[in-house]
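The block underneath contains the structure these notes are about, expressed in structure tokens.
Counting starts at 1 for both ligands and their atoms, following the listed order. Since this is a predicted model, take the numbers as computed values, not measurements.
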Amino acid sequence: MRKRLVAGNWKMNKTPKEALELVALLKDKVNTADTDVVFCVPFVDLIPVSEALEGTNIAFGAQNLYFEDKGAFTGEVSAPMLSEIGCKYVVIGHSERRAYFGETDESVNKKLIQAVKYGIVPIVCVGEELKTREENVTIEHVRSQVKRALVGVSAEDAAKTVFAYEPIWAIGTGLSATSEQAQEVCGAIRTVLTEIYGKATADSIRILYGGSVSGKNSEELFAMPDIDGGLVGGSSLKEDFATIVNCK
Ligand code: PGA
């Protein structure tokens, strides 16, 4: 049985002071009994948020890392740095990073491998633009992103990853994919994982849906057989996040 995971992707929101206010708002409202909950926060918020989450079952995560251990990579943050402060998750290959910061399937692959090496669970984002959906090649596109992310990754390491299907047209638009659309692609991701690693490994990997998840649609989305939770942007910055986490 896969345990549900709900990850808040705060993106570039919340100063450290504001982050503490948001943690204070949410931490006693989210029920972590049946759901793994993680706040993926800006780098400067990681340490204050980690301190504020002490004594709770809520994990914290980053939104990026660099694939080298250390060195002359000005502006980057390494996996050893994140691991030392107890960071449990990292978002990799978010469509905003692919679109604005030159993230490619190749760098996503290297970052996935680096995260797993340091015991950090990568939440690997894939998803299509509206144009791709309109051309009816969504499944091919997403299959290719998943395969490229996993080049050279063993079944044992693949089992330590999480995938997030995020259709780009649904991100921040208020226009979520329908639960059927989301299930179709999440199911296709499970199929590629099965082809590469076999059923047992594929069945153990959590696949999230992201893109305008809210307290209104989470229950229906999460009820789908291949959707194991959500990657939540806008709604992770308010009380609605607790409704999403606590939904049936
Ligand atoms: P959204 O963002 O929930 O605001 O659509 C999701 C994401 O980008 O991870």
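At a heavy-atom distance under 4.0 Å, only backbone atoms of A170 (N, CA, C or O) approach ligand 1. Looking at N9 against ligand 1, only its side chain comes within 4.0 Å, counting heavy atoms.
Ion pair D240/K216 not flagged as a salt bridge, since none of the NZ, NE, NH1 or NH2 atoms sits closer than 4.0 Å to an Asp/Glu carboxylate oxygen. K88 has no carboxylate O lying under 4.0 Å from a charged side-chain N of D36, or vice versa, which leaves the two without a salt bridge. Note on E129 versus R133: no salt bridge recorded, every NZ/NE/NH1/NH2 to OD/OE distance being 4.0 Å or above. Taking 4.0 Å as the cut-off between side-chain N and carboxylate O, R148 and E106 do not count as a salt-bridged pair. Using a cut-off of 4.0 Å between Lys/Arg side-chain N and Asp/Glu carboxylate O, D228 and R4 are scored as not salt-bridged. Between E103 and R97, at least one side-chain nitrogen of the basic residue sits less than 4.0 Å from a carboxylate oxygen of the acidic one, meeting the salt-bridge criterion.
Remark: minimum distance from atom 7 (C) of ligand 1 to any protein heavy atom is reached at E166 OE2, 3.2 Å. Annotation: atom 3 (O) of ligand 1 to nearest protein heavy atom, G233 N, 2.8 Å. Looking at atom 4 (O) of ligand 1, its nearest protein heavy atom turns out to be G234 N, 2.8 Å.
Some N or O of G172 is nearer than 3.5 Å to an N or O of ligand 1, by distance alone. Residue I171 places no N or O, backbone or side chain, under 3.5 Å from any N or O of ligand 1. Looking at S235 next to ligand 1, no N or O pair under 3.5 Å apart turns up. Polar contact with ligand 1: present for K11 (N/O pair, distance under 3.5 Å).
For the residue pair K111 and N64, a side-chain donor N or O sits within less than 3.5 Å of a side-chain acceptor on the partner.
Close approach of ligand 1 to H94 is summarised as follows: ligand atoms under 4.0 Å from at least one heavy atom of the residue are 7 (C), 8 (O), 9 (O).
Residue-ligand proximity: G211 is placed with a non-hydrogen atom under 4.0 Å from ligand 1.
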